[in-house]
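All remarks here apply to the structure that follows.
Protein chains get the first letters and strands the later ones, always in sequence-line order, with residue 1 at the start of each. Note that these values count all heavy atoms, side chains included, but never hydrogens, waters or copies made by symmetry.
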There are 2 protein chains.
Amino acid sequence: MGSPIYLKIVEDIKSKINSGEIKPGDMIKSENMLCDEFDVSRMTVRKSLTVLASEGYIYSVPGKGNFVNEPNQDKYILYFNEMTSLEGSVEDTQLLDVNIIKPTMEIIFHLQIPENKRVVLIRRVFLSDDNPVAYDVKYIPYYRGMPIVEKEIHYATFPEIVAKKKSLFAIHKELKIKVQKPDEEIQDILNIDVTEPVMAIEQRLLDEGNRPIGWGVTFFKGDFFHLQAVSTFVDQGNSIY
Amino acid sequence: MGSPIYLKIVEDIKSKINSGEIKPGDMIKSENMLCDEFDVSRMTVRKSLTVLASEGYIYSVPGKGNFVNEPNQDKYILYFNEMTSLEGSVEDTQLLDVNIIKPTMEIIFHLQIPENKRVVLIRRVFLSDDNPVAYDVKYIPYYRGMPIVEKEIHYATFPEIVAKKKSLFAIHKELKIKVQKPDEEIQDILNIDVTEPVMAIEQRLLDEGNRPIGWGVTFFKGDFFHLQAVSTFVDQGNSIY
DNA sequence: CAGTGGTCTAGACCACTAG
DNA sequence: TAGTGGTCTAGACCACTGA
């Protein structure tokens, strides 16, 4: 009962959408009509419509009206973190090496750097019960004076490694998720045979200007790993707060 | 230029956050102070703060102030659709069978139904160049008069199958993504041997009241499948529109 | 208590769309 | 031209936090 008027309007319109009374593509009542219907000022109605729009229910076209959105069926929220996404989580991390190398063509492509530019290579193994469960390879463009402190790299996630000073807000990330038959190197490191499938998660980090600042792949032993995702368009309990 | 004042305020605060001038946990200027600073009314300032909050940059605590959020490092947007996520996309679908069956314990668990309730089983194979690339199994609680029309099921996605009449807005979905060694049935259907890894994507559909209304798994041949995800917290070009 | 954010009003002017 | 949404104002009252 204590809930504000604008939320009542939000609920009213949501229920009309959920029940199918108004369908995707339909125009909803105009703002002025809603003002009359609920006997409120236009700003209050607009507050409601802002909420509905930010939750993806409607969109507005200036000069025409507000319209019901197509539900975005294929959109999910995914949580991923190479350090914590493992079942039972990682107990220890083993830093295989940190090296400054000449980039391969693949690395040049992914980091979009000149051929003569050097690259920092970081290789780690994640352990659970003293058994290797993931193998992690990362490439970062090298610049003079870069602080490559083993201790810092040991337990850091990729964005943390790259963004020593930058605000993490500015970093854009892309994941590519694949299954893979382990090659000999991976079989060796993860102590598995060729029939054990591996989840390969490729991470690309980009700065504000969409310039690559890091690229890497983490190979997870299949039986120690899964991802979960949930659809958007969840009525988040009308989270007051 | 032509851009409204409230967007200038948004940009100003965003740049202070991105540059690190104000950091996660910091309180930003109070609304009244921002009114003075930009010489605008409070509603205009609040419009700006609403935008920043909806994009995840800030949150507000009544009686205290507005605070900079921790960037949600681990959150990604994932797009998935069992019919279109395959490389080169599916050219054809083969409906193996549609049956009404007695549920196994696993199905009872996932659909949260009584033991004596019957379940509709749908099995499909997705083909590309006449080769099987995915095997799809779905379970839906059976109710009398349910229209199980083979033609409809042939090319439909899971939510479409379940939500014949309901609005798709009301459906909540969960995905579980795993790699898997193919068992003999899958080897047979996808025409692969045990060394070929398989991506298993489990889908759970829930209605408005979080009651399960569908459960299923799609097994993708590894070399024909990958997923992509991008970080949230993207400055979506300040999409005016 | 003074200060904060949350809600709401009753106006205003603008640019856009469509008949 | 009438109707739509987009922006903005200058107030108001409220509940809440902290000194």
List the residues meeting side-chain contact (heavy atoms from CB on, under 4.5 Å) with [X], not counting sequence neighbours, and say none if there are none.
X	result
D39(B)	none
K176(B)	H226(A), Q228(A), E202(B)
V51(B)	Y6(B), V10(B), E55(B)
K173(A)	P159(A), I171(A), L205(A), Q73(B), Y76(B), S231(B)

Between the side chains of K8(B) and D12(B), is the shortest nitrogen-to-carboxylate-oxygen separation below 4.0 Å, so that they form an ion pair?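 No salt bridge links D12(B) with K8(B).
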
* Asked: Between F225(A) and F80(A), what is the ring plane arrangement, given parallel below 30°, perpendicular above 60°, and tilted in between?
  -> perpendicular

Check: Is the phosphate of dC8(C), meaning OP1 or OP2, less than 4.0 Å from a side-chain N or O of Y6(A)?
Finding: no

Per the under-4.0 Å heavy-atom filter, residues of residues 23-37 of chain A near DNA chain C come out as none

### Task
Can you sort out the partners of K29(A) under salt bridge (charged side-chain N to carboxylate O under 4.0 Å, His left out), two or more places apart, ordered by chain and number?
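K29(A): salt bridge (charged side-chain N to carboxylate O under 4.0 Å, His left out) contacts with E37(A).
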
Hits for salt bridge (charged side-chain N to carboxylate O under 4.0 Å, His left out) against K117(A), two or more places apart or cross-chain, chain-then-number order -> none

Using ring pair (Phe, Tyr, Trp, His ring centres under 6.0 Å) as the criterion, list what pairs up with Y59(A), not counting sequence neighbours.
->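 Listed in chain order: F67(A).
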
Residue set satisfying ring pair (Phe, Tyr, Trp, His ring centres under 6.0 Å) with F38(A), at least two apart, ordered chain then number -> none

Before you tell me yes or no, could you show the steps for D136(B) and K138(B) under salt bridge (charged side-chain N to carboxylate O under 4.0 Å, His left out), namely the whole-Å CA-CA distance, both residues' side-chain angles and the distance that decides it to 0.1 Å? CA-CA 7 Å; D136(B) 184 65; K138(B) 302 197 182 309; 3.0 Å; yes

The correct set of residues in residues 42-54 of chain B placing a heavy atom under 4.0 Å from DNA chain D is R42(B), M43(B), T44(B)

Protein-nucleic acid N or O pairs under 3.5 Å, nucleotides 15-19 of chain C:
unit_1	atom_1	unit_2	atom_2	d
dA18(C)	OP1	K64(A)	NZ	3.1

Self-check item: For DNA chain C, stems built from three or more consecutive Watson-Crick or G-U wobble pairs below 3.5 Å
Solution: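 The stems are C:3-18 with D:1-16.
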
- prompt: Closest to the S41(B) side chain: dG5(C), dC8(D), dG5(D)?
  reply: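 The listed nucleotide nearest to S41(B)'s side chain is dC8(D).
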
Looking only at dT7(D), dG6(D), dG5(C), the nucleotide nearest the N66(B) side chain is dG5(C)

Pair K23(A), V68(A) - check side-chain contact (heavy atoms from CB on, under 4.5 Å), show working.
CA-CA 6 Å; K23(A) 290 187 289 293; V68(A) 178; over 6 Å; no

All heavy atoms of I13(A) vs all of I28(A), minimum pair found to be CD1-CD1, 4.5 Å

